[in-house]
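A short write-up of the structure that comes next.
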Amino acid sequence: EETISRISISLFGWAAERVQDKFAFVKTGLNQSVIKFLLKAWISIAMFSGVAAFLASSVFIIILSLFMSFDIMTQVTLALLSIVIGIGTFGVICLYPHEKAISRRRSIDVNLPFALNHISAISASGVPPYVMFKLIRVFGEYGEIAKESQKIVRNVDLFGLSITEAIMEIAARTPSKNFKELLAKRTVVMID
């Protein structure tokens, strides 16, 4: 993973840097999917993979053409197919963070009603928000909500953020609008 990233950046970093402004959706996807790559590195990997897929499919088509006699129309179609494979590979890699973010959002939104009941019960007992998130993080059945709670606790414990700052940081990155609103309300309640 690290080697591919390094090779990709050395070969395509200059090109990725020039076009990264046009890939804001990839940056958003990377942030919300919790994929730990910078935008330039991810686009470089997508470019490297696209070129590699194009070259590999081209070599395969050339070898296939040596053993089979294709008419000119079939050869042109196969050449176009290798271009489509290269572009398709680039596109799939660029879209992957967005799809991963959608998957995380679904997990959060599906589990939110159940977690909200638990959060309400914990809050009603007067437990501070930090302790509440510490308790929620151990419930694996809450999926991504448990992971987001773990990040809030980590931000407080490891990075020394206040609970409000930790919640706001996670609210800024979560792919779920509903969870973002819940965290924003929790922060407002804590500030008041």
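The first residue in the sequence is number 1, and the count goes up from there.
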_Joint hydrophobic cluster, V138 plus I136, side-chain heavy atoms closer than 4.5 Å_ = yes
*Flag if over 12 foreign heavy atoms under 6.0 Å of NZ, K100*: no
_Heavy-atom side-chain contact between I152 and L183 under 4.5 Å_ = yes
*Decide yes or no for I93 and W42: does some side-chain heavy atom of the first lie under 4.5 Å from some side-chain heavy atom of the second?*
yes
*To the nearest 0.5 Å, what is the distance between CE (M132) and OG (S125)?*
10.0 Å
_Within this structure, what is the CD1-OH distance for the pair I119 and Y142, rounded to the nearest 0.5 Å?_
8.0 Å
*What distance do I61 atom CD1 and I85 atom CD1 have between them, rounded to the nearest 0.5 Å?*
6.0 Å
*Does a donor on one side chain and an acceptor on the other come within less than 3.5 Å for N31 and T28?*
no
*Quick one: does F12's side chain get under 4.5 Å of I43's, heavy atoms only?*
no
*Please collect all side chain to side chain donor-acceptor pair (under 3.5 Å) contacts where either partner lies in residues 143-158, sequence neighbours excluded, each pair once.*
R104-E144, R104-E148, Y130-D157, R137-Q150, E144-K147, E148-K151, E148-T174, N155-E169
*asked:* Applying a strict under-4.5 Å side-chain criterion to I, L, V, M, F, W and Y, I'd like to know whether I62 and F54 cluster together.
replied: no
*Around L38, counting heavy atoms of other residues, nucleotides and ligands shown, do more than 12 lie under 6.0 Å from its CG?*
no
*Answer whether the closest heavy-atom distance between the side chains of I108 and P175 falls below 4.5 Å.*
yes
_Starting from L95, can I reach I87 by hopping between I/L/V/M/F/W/Y residues whose side chains sit under 4.5 Å apart?_
yes
_So for atom OH, which belongs to Y96, do other residues, nucleotides or ligands contribute more than 12 heavy atoms lying within a distance under 6.0 Å?_
no
_Does F60, at its CZ atom, have more than 12 non-hydrogen atoms belonging to other residues, nucleotides or ligands within less than 6.0 Å?_
no
*If two hydrophobic side chains count as joined below 4.5 Å and joins carry through other members, does M47 share a cluster with W14?*
no
*With rounding to the nearest 0.5 Å, note down the distance linking CD in E181 to CG in L112.*
10.0 Å
*Would you check, one step at a time, whether the test side chain to side chain donor-acceptor pair (under 3.5 Å) holds for N117 with S120?*
CA-CA 5 Å; N117 285 337; S120 297; 5.5 Å; no
*Give a yes or no on this: more than 12 heavy atoms of other residues, nucleotides or ligands lie within 6.0 Å of atom NE2 of H118.*
yes
*Should E99 and I102 count as side-chain neighbours, where that means a heavy-atom distance under 4.5 Å?*
yes
*Under a 4.5 Å side-chain heavy-atom rule over Ile, Leu, Val, Met, Phe, Trp and Tyr, are L158 and F133 clustered together?*
no
*Enter the distance from I145:CD1 to S107:OG here, rounded to the nearest 0.5 Å.*
7.0 Å
_Distance (rounded to the nearest 0.5 Å) between L64 CG and Q75 CD_ = 10.5 Å
